[in-house]
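Quick notes on the structure that follows.
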Amino acid sequence: MKLKEVSARVIKDSRGEKTILVSVNGCLSSSPSGKSTGKYEAKPYRHGVEHDVAFINNMRFSREINKFEDLEFLENYVAKQIGANTMFALEASVLKALAKSQGKELWQLLNPAINPKKAKFPRILSNTIGGGAHSNNIRHPDFQEFLITSNNNPTKSKEINENAYCQAKTILKNLEQKEIEKNDENALQTSFENEKVLEVMKDLQEDIHDEKSVHIDIGLDVASSQFFINGKYGYKNPKKNLTREQQIDYIAELIKKYNIFYVEDALDEEDFEGFAELLKKTKGECLICGDDLTTTNLERVKIAIKKKAINAIIVKPNQIGSLLEVKKVIELAKKNGLFVIISHRSGETIDNTIGDLAFAWGADFIKTPVIGVERLAKVDRLIEIEKSLGR
Ligand code: 2PG
Ligand code: MG
C-alpha cells in the first residue's frame with residue numbers, strides 16, 4: 001500500500017490540551033497524553049506538537065507498507081524527527097489504512113495467526129475513585145487510582161463496571177453529604193484518605209456481590225513517584241513521611257487487609273529493588289505492576305525481569321511511540337510470565353486503537369474507566385469485536 005494521503009492537525013484531548021490527529025489514506029488516529037508521566041517516557045513531540053504536525057504534512061514517504069513489520073521503513077524515514085505521540089498516531093493510522101485496504105480488521109492485521117474463536121478478551125480495569133495528581137480536590141487521597149475489574153467478557157464487564165461506578169458514587173455521596181465530582185479521567189473525587197477509600201471499595205465489593213452475584217476485584221495505582229520527595233514517601237492526607245522500607249510494609253499490609261489483587265507503581269520509578277522486595281513479600285498473591293518504572297521501554301522491562309521486580313506491566317503505546325517496540329515489550333513480558341495491561345492515558349481522545357492492540361496481542365487487562373466518550377471508545381471497540389465474532 002502506498003501512503004497516498006498523509007496529513008496531520010492539532011486537536012484537543014479530553015483535558016482540553018493540544019494533541020495530534022493523523023490521517024493516512026482517509027483513516028484517522030490520534031494520541032492521548034499523560035499527566036503523571038514517568039521520567040523514562042519518550043518525549044511526546046520533537047519540538048512541540050505544531051512542529052510535528054508540520055513534519056507530517058510535509059512528509060514525502062514513497063515506500064509501500066504491506067504488513068505490520070514494514071513499519072520499520074517508516075520508522076527509519078521519520079527517525080528522531082518526531083516525538084512518541086506523533087509516531088503512535090502515524091503508525092496507528094497507517095495500520096488502519098492497511099487493514100482497510102486488505103479488507104481486514106485492525107486486530108487481524110496485527111496478529112494474522114490469532115484464533116478469533118478462542119482468543120481471550122482483556123478484563124476491563126476501571127479507575128473508579130481517583131486521587132493523587134489527577135485530583136483537583138484540595139484534600140484528596142494520596143493514591144492516584146482505586147480500580148475495579150470483573151471478568152473478561154467486554155459487554156458484561158462494561159455493565160458491571162458502570163454499575164459499580166454509580167454505586168460508588170452513591171456510597172461517597174451518602175458519606176460525604178455532598179455532590180460527587182469527576183476528575184480529569186472521569187473517576188470520582190473524594191476528600192477521604194487512602195484507607196477510608198479502601199473501606200468504601202470493600203463496601204462496594206460487598207454491595208455488587210449481594211445485588212448482582214458478581215465478584216469484583218480491587219486494585220490501586222499508587223503512582224508513588226509523584227510523592228517520592230528527597231528519599232521519602234511524603235503523604236499529605238494524613239501527613240506522614242515513609243522510608244522505603246516503611247512504604248513496602250505499608251503497601252504489603254494494605255494488600256493483605258483489603259485483599260487487593262493489583263498494585264501499580266507502589267515504589268518510586270527508580271527503585272527496581274523495592275518492587276522486588278514487595279513482590280517477594282506478597283508471594284505472588286497480588287499483581288505488582290510497573291508503569292512509571294518500565295514506561296513501555298524494552299531496556300527497562302529487561303531490567304525489571306532480571307531483578308524479578310514485577311509480575312505485571314502497564315503498556316502505554318505513546319510512552320514509546322513505536323508499535324514495533326510495543327509488540328516486542330508485550331512479547332517479552334508474556335514470555336516471562338508477566339500479566340500485560342494495555343492502558344489509556346489520563347488525557348484521552350476518541351481513538352480506539354488500544355482495543356484492537358489488547359485483543360490482537362492477548363493483553364490480560366485493558367485499563368480504562370467506562371465513563372465518557374473517550375474511554376468508551378476503547379471499551380465499545382472490544383464489544384464490537386466480540387459481537388462481530390458472535391461471542
Ligand atoms: C497512569 C495514567 C492513567 P497518566 O498513571 O496509569 O491513569 O496516568 O496518563 O497521567 O500517566
Ligand atoms: Mg500509572
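All ligand and atom numbering here is 1-based and tracks the order in the structure. Nothing here was measured: the structure is a model prediction, and the numbers come from that model.
For Trp361 and Phe68, the gap between ring centers is short of 6.0 Å.
Residue Glu145 has at least one N or O atom closer than 3.5 Å to an N or O atom of ligand 1. For the pair Lys35 and ligand 1, the shortest N or O to N or O distance falls below 3.5 Å.
No more than 12 heavy atoms of other residues, nucleotides or ligands lie within 6.0 Å of CZ in Phe339, so this atom counts as exposed by the packing criterion.
Sorted by first and then second residue, the pairs that involve residues 330-340 and meet side chain to side chain donor-acceptor pair (under 3.5 Å), not counting sequence neighbours, are Lys327-Glu331.
Judged by a 6.0 Å distance limit and a 45° cone about the ring axis, Arg300 is positioned over the six-membered ring of Tyr40. Judged by the 6.0 Å and 45° rule, Arg63 forms a cation-pi pair with Phe73. At least one test fails for Lys240 against the ring of Tyr233: distance under 6.0 Å to the centre or angle within 45° of the axis.
Of all the atoms in ligand 1, the ones that sit under 4.0 Å from a non-hydrogen atom of Glu185 are 3 (C), 7 (O). Close approach of ligand 1 to Glu264 is summarised as follows: ligand atoms under 4.0 Å from at least one heavy atom of the residue are 6 (O). Residue Asp291 approaches ligand 1 through these ligand atoms, each under 4.0 Å from one of its heavy atoms: 1 (C), 5 (O), 6 (O). Taking every non-hydrogen atom of Gly34 and a distance limit under 4.0 Å, the qualifying atoms of ligand 1 come out as 4 (P), 9 (O), 10 (O), 11 (O). Every atom of ligand 1 with a heavy atom of Arg345 under 4.0 Å away is listed here by number and element: 4 (P), 9 (O), 11 (O).
Under the 4.0 Å criterion applied to side-chain N and carboxylate O atoms, Lys212 and Asp207 are not assigned as salt-bridge partners. Ion pairing between Glu17 and Lys12 fails under the 4.0 Å rule for side-chain N and carboxylate O.
Between the side chains of Ser29 and Lys96, at least one donor N or O sits under 3.5 Å from an acceptor N or O. With no hydrogens or angles considered, a side-chain donor-acceptor pair links Glu75 and Ser322 at under 3.5 Å.
With Ile248 as reference, Leu278 is the one residue of Leu278, Thr282, Thr243 to meet the side chain to side chain contact (heavy atoms under 4.5 Å, CB included) rule. Evaluated for a side chain to side chain contact (heavy atoms under 4.5 Å, CB included) with Ile342, the options Ile330, Val326, Ile313 yield exactly one hit, Ile330. The residue from His47, Gln81, Glu50, Arg46 that alone fulfils the side chain to side chain contact (heavy atoms under 4.5 Å, CB included) condition with Phe55 is Gln81.
Lys367 NZ, 2.9 Å is the protein heavy atom nearest to atom 6 (O) of ligand 1. Protein heavy atom in closest approach to atom 9 (O) of ligand 1: Ser346 N, 2.8 Å. Taking atom 5 (O) of ligand 1 as the reference point, the nearest protein heavy-atom neighbour is Gln144 NE2, 2.9 Å. Of the protein's heavy atoms, His134 CE1, 3.2 Å lies nearest to atom 8 (O) of ligand 1. In this structure, atom 1 (C) of ligand 1 lies nearest to the protein heavy atom Lys316 NZ, 3.1 Å.
Sorted by chain and number, the protein atoms of type N, O or S within less than 2.8 Å of the Mg ion (ligand 2) are Asp221 OD2, Glu264 OE2, Asp291 OD2.
Residue contacts with ligand 1, taken as heavy atom pairs separated by less than 4.0 Å, involve Asp221 solely via side-chain atoms from C-beta onward.
Within the structure, ligand 1 has Ser36 among the residues with a heavy atom less than 4.0 angstrom away.
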